[in-house]
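A short worksheet on the structure shown next.
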Amino acid sequence: MIKYECERCGKCCQWPGEVVISEKEIKAMAEDLDISPYDFTQKYTQLRSSRNGLTLKQDEKGSCVLLENNSCSVHSSKPQQCKDFPNKWRFKGWRQICEATPKKIKQ
Ligand code: SF4
């Protein structure tokens with residue numbers, strides 16, 4: 001089985017699309033940034049296009065608002081959706097941009 005090891009190139013964080021976040025994840029990211037969950041929600045989140053929950057804001061180019069100097073500013077508490085890429089889900093054309101290293105793992 002192949003597992004991709006993230007090289008932290010930051011490219012997936014620049015890929016436009018919604019990052020679905022839960023209340024628990026907001027709490028963890030807020031704690032990481034030493035701000036309140038309310039302030040985090042105000043500053044970094046917006047309503048999903050489906051209006052069903054919140055997503056992280058993006059800049060005008062589609063980059064995640066929490067990407068700082070090409071690095072995730074909440075790496076240790078990042079949402080499950082971010083942790084799961086590219087092993088559990090992928091977007092079309094991901095291999096052209098993602099620098100993750102494929103590693104063979106025993107099952
Ligand atoms: S694009 Fe791939 S290697 Fe780069 S940060 Fe995302 S998962 Fe890691």
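Remember, it's 1-based here, ligands and their atoms both numbered in the order they're listed.
Side-chain contact between P79 and M29: present, with at least one pair of heavy atoms (C-beta onward) separated by less than 4.5 Å. Between K27 and K24 the shortest side-chain heavy-atom distance does not fall below 4.5 Å.
Cluster partners of V20 are absent, since no Ile, Leu, Val, Met, Phe, Trp or Tyr has side-chain heavy atoms less than 4.5 Å from it.
Within 4.0 Å of ligand 1, protein heavy atoms belong to C6, E7, R8, C9, G10, K11, C12, F85, P86, C98, E99, A100, listed by chain and number.
Closest of all the heavy-atom pairs between Q14 and S63 is CG-OG, 3.4 Å.
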Please report, to 0.1 Å, the donor-acceptor pairs under 3.5 Å made by any side chain of residues 2-10, with sequence neighbours excluded.
unit_1 : atom_1 : unit_2 : atom_2 : d
E5     : OE1    : K103   : NZ     : 3.0
E7     : OE2    : T101   : OG1    : 2.3

N/O donor-acceptor pairs under 3.5 Å from side chains in residues 36-43, not counting sequence neighbours:
unit_1 : atom_1 : unit_2 : atom_2 : d
S36    : OG     : D39    : N      : 3.0
S36    : OG     : D39    : OD2    : 3.4
Y38    : OH     : Q42    : NE2    : 3.4
T41    : OG1    : P37    : O      : 2.7

